[in-house]
Engineer: 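I'd like to ask you about the structure that follows.
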Amino acid sequence: MELLTLELARARQRLNRAELALERANAMLDEDCGVGINLRLCDRIRSAQQRVGEAKARLVKLDPASADSVHSG
């Protein structure tokens, strides 16, 4: 049971970090930094979106009851 608790904590932490990275990248995109930087930010955003999805899936796989508490988006 302790192993499951540890894995759930890691999954929640991974999700929180991925969501924060996505928020930061979106905020940076809102700043007018030029086309070259915006293209890299778009790539960074896609990568962050993928990590968020993977983290959500991992958390729900470990704890199906957490599906209700996982943010959608």
Side-chain angles (χ1 to χ4, degrees):
M1 190 64 179
E2 290 179 26
L3 183 59
L4 178 61
T5 302
L6 181 60
E7 284 298 315
L8 284 170
R10 285 182 182 162
R12 286 187 189 101
Q13 185 178 40
R14 188 174 295 121
L15 176 59
N16 289 336
R17 285 181 179 171
E19 288 176 335
L20 183 59
L22 180 57
E23 288 175 22
R24 287 179 178 166
N26 279 319
M28 290 173 69
L29 187 61
D30 290 340
E31 299 171 5
D32 190 19
C33 300
V35 175
I37 292 174
N38 285 347
L39 290 175
R40 288 193 296 178
L41 278 172
C42 287
D43 185 49
R44 188 171 166 181
I45 289 169
R46 280 192 295 275
S47 176
Q49 288 171 332
Q50 182 179 356
R51 286 194 313 274
V52 167
E54 290 168 355
K56 285 179 181 179
R58 175 73 175 151
L59 182 58
V60 171
K61 182 178 178 183
L62 290 171
D63 182 18
S66 70
D68 295 334
S69 65
V70 172
H71 308 317
S72 62

Engineer: So Lys56 and Leu59, do their side chains get closer than 4.5 Å, heavy atoms only?
Structural biologist: no
Engineer: So which atom in Arg51 and which in Ala21 form the shortest heavy-atom distance, rounded to 0.1 Å?
Structural biologist: NH2-CB, 3.8 Å
Engineer: Residues two or more places apart in sequence or in another chain: which of them pass salt bridge (charged side-chain N to carboxylate O under 4.0 Å, His left out) with Glu7?
Structural biologist: Arg10, Arg58
Engineer: Look up atom CD in Gln50 and atom CD1 in Ile45, then write down how far apart they are to the nearest 0.5 Å.
Structural biologist: 14.0 Å
Engineer: Heavy atoms, side chains only, cut-off 4.5 Å: are Arg12 and Asp63 in contact?
Structural biologist: yes
Engineer: Within a strict 4.5 Å, meaning less than it, do heavy atoms of the Leu8 and Leu4 side chains meet?
Structural biologist: yes
Engineer: Could you tell me which non-hydrogen atom of Pro64 sits nearest to which non-hydrogen atom of Lys61, and how far apart they are?
Structural biologist: CD-O, 4.2 Å
Engineer: Drop me the distance from Arg44's CZ to Leu22's CG, to the nearest 0.5 angstrom.
Structural biologist: 10.5 Å
